[in-house]
Amino acid sequence: MRTDTTFKRAFNDMIDILRTLDPGEELPSENALRAQLGVSRTTVRKVLAGMSARGIIISDVHRRIVHEQPSQIDRYPQEETLAISEQVETSFMEWMLRGGACPGTEINETELGRKFGVATTIIREFLNRFQKYGLIEKRPNAGWVFKGFTASFALELFEIREMFEMRSARLFAGLPDSSPVWKQIQSMRAAHLELLADIDSRFQDFSELDSRFHRLIGAVAPNRFIESFQDVIAMVFHYHYQWNKRDERARNEVAIGEHLALIEALESRDIALIDRACRLHLTSARETLLHSIA
């Protein structure tokens, strides 16, 4: 199962790489792809074989070239790319946000293990990691307690997100033309336009695209301490888009437009334009998050 999960995750990551290349352009070497994807050469070759079977790339003895741009529908569903720890995270967030959990709810490790289909030790390890985010706490001789996802928590979380993203977005103004980020931004714009063109049937795909977009912005300013906070920020906002179904299509369409405006501002490298577009989107996202928990 792990091998399959690893392959599917690498396959989706390979799609992101190919979307930065033009048809007819040669792919990086297997060694370069192994480093970019963070997987073994065997997995790289399996991914390339899958791409070739779908007609996305053409292979010969000496090289591999892009035959056609992959589309979003070529991606494996996100739930099929998750490791066990991420599956537990997904299940726990769904339980917390959709299961009617309220402040003071006791968390039983054994019951959650049975519900999620994993060992109790895996649940315990997850809860120990997750408690640093302030949503749960361990009480002496009383087990775990859910503290609640409140408006106050959301606002505190958003203050951190705003500081991180504004800092990262401004750094785009100083990136050289040779930075690989610009091709990733072009690919991200293409993915947004593709989703927007099919918004009526695919609006629910936005949460995954939103997560990838904001992680790309954050990647410009790597910081090990910030990254630990980004995990919970991305997680909460990702699930916010999934669990809040009110006006979902309209909200997602507006957010796509804001993302495209931010992409245009980033490419302009004008700090004033970047600040304006970033603040506009963050303000809108904060309002929809608070509205969803009102």
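Numbers here simply count residues along the sequence, with the first being 1.
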So, the side chain of [X] versus the backbone of [Y]: is there a donor-acceptor pair under 3.5 Å, distance only?
| X | Y | value |
| --- | --- | --- |
| Thr283 | Arg279 | yes |
| Arg170 | Ile274 | no |
| Trp182 | Pro176 | yes |
| Ser29 | Ala32 | yes |
| Asn128 | Arg124 | yes |
| Asn252 | Phe203 | yes |

Looking at residues at least two apart in the chain, or sitting in another chain, which of them share a ring-ring contact (aromatic ring centres under 6.0 Å, His included) with Phe11?
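ring-ring contact (aromatic ring centres under 6.0 Å, His included) check on Phe11 returns Phe7, Tyr76.
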Test side chain to side chain contact (heavy atoms under 4.5 Å, CB included) on Ser85 and Arg129 and set out the steps.
CA-CA 11 Å; Ser85 60; Arg129 293 194 307 272; 4.0 Å; yes
So do the side chains of [X] and [Y] get within less than 4.5 Å of each other, counting heavy atoms only?
| X | Y | result |
| --- | --- | --- |
| Glu109 | Trp144 | yes |
| Glu25 | Ile65 | no |
| Ser91 | Lys115 | no |
| Val181 | Val220 | yes |
| Thr110 | Arg114 | yes |
| Phe126 | Leu112 | no |
| Ile56 | Gln69 | no |
| Val145 | Thr105 | no |

Go through the side-chain N and O atoms of Glu258 and Ser284 and say whether any donor and acceptor fall under 3.5 Å apart.
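On atom types as modelled, these side chains qualify, holding a pair under 3.5 Å.
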Search all heavy atoms of [X] against all heavy atoms of [Y] and return the closest pair with its distance.
| X | Y | answer |
| --- | --- | --- |
| His67 | Ile58 | CD2-CD1, 3.3 Å |
| Gly218 | Ser168 | CA-OG, 3.8 Å |
| Leu273 | Ser268 | CD1-OG, 3.7 Å |
| Leu21 | Pro28 | CD1-CD, 4.4 Å |
| Leu48 | Leu33 | CD2-CD1, 4.0 Å |

As an exercise, state the distance from [atom1] of [X] to [atom2] of [Y], rounded to the nearest 0.5 Å.
| X | Y | atom1 | atom2 | answer |
| --- | --- | --- | --- | --- |
| Thr43 | Leu37 | OG1 | CG | 9.0 Å |
| Ile217 | Phe164 | CD1 | CZ | 14.5 Å |
| Ile256 | Ile199 | CD1 | CD1 | 4.0 Å |
| Glu165 | Leu282 | CD | CG | 5.5 Å |
| Ile271 | Leu171 | CD1 | CG | 8.5 Å |
| Leu260 | His281 | CG | NE2 | 10.5 Å |

Test side chain to side chain contact (heavy atoms under 4.5 Å, CB included) applied to Met14 and Val44, step by step:
CA-CA 9 Å; Met14 186 67 183; Val44 169; over 6 Å; no
For atom CD of Glu68, decide whether the heavy atoms of other residues, nucleotides or ligands shown that lie under 6.0 angstrom number more than 12.
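Above 12, so yes.
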Test of understanding: clusters of I, L, V, M, F, W, Y form through side-chain heavy atoms closer than 4.5 Å, transitively. Do Leu216 and Leu193 belong to the same one?
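As far as the 4.5 Å side-chain criterion goes, Leu193 and Leu216 are connected within one cluster.
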Could you tell me which residues satisfy salt bridge (Lys or Arg N to Asp or Glu O under 4.0 Å) with [X], sequence neighbours excluded, listed by chain and number?
| X | value |
| --- | --- |
| Glu137 | Arg139 |
| Asp270 | none |
| Asp205 | Arg202 |

List for me each residue that meets side-chain hydrogen bond (donor to acceptor under 3.5 Å, both in side chains) alongside Arg212, sequence neighbours excluded, and say none if there are none.
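Counting only residues at least two positions away or on another chain, Arg212 forms a side-chain hydrogen bond (donor to acceptor under 3.5 Å, both in side chains) with Asp16, Glu208.
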Any chance you could lay out the salt bridge (charged side-chain N to carboxylate O under 4.0 Å, His left out) test for Arg249 and Glu253, step after step, and finish with the verdict?
CA-CA 6 Å; Arg249 181 205 174 283; Glu253 185 173 13; 2.6 Å; yes
Output yes when Asp13 and Arg9 qualify as a salt bridge under the 4.0 Å nitrogen-oxygen rule, no when they do not.
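Not counted as a salt bridge, because no side-chain N and carboxylate O are separated by less than 4.0 Å.
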Taking the basic N atoms (NZ, or NE/NH1/NH2) and the acidic carboxylate oxygens, is any pair closer than 4.0 Å for Arg64 and Glu26?
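Salt bridge absent between Arg64 and Glu26.
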Selection residues 186-199 - residue pairs positive for side chain to side chain donor-acceptor pair (under 3.5 Å), sequence neighbours left out:
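Every side chain to side chain donor-acceptor pair (under 3.5 Å) pair that includes a residue of residues 186-199, provided the two are not neighbours, is Arg19-Glu194, Arg189-Glu267, His192-His259, Asp198-Ser201.
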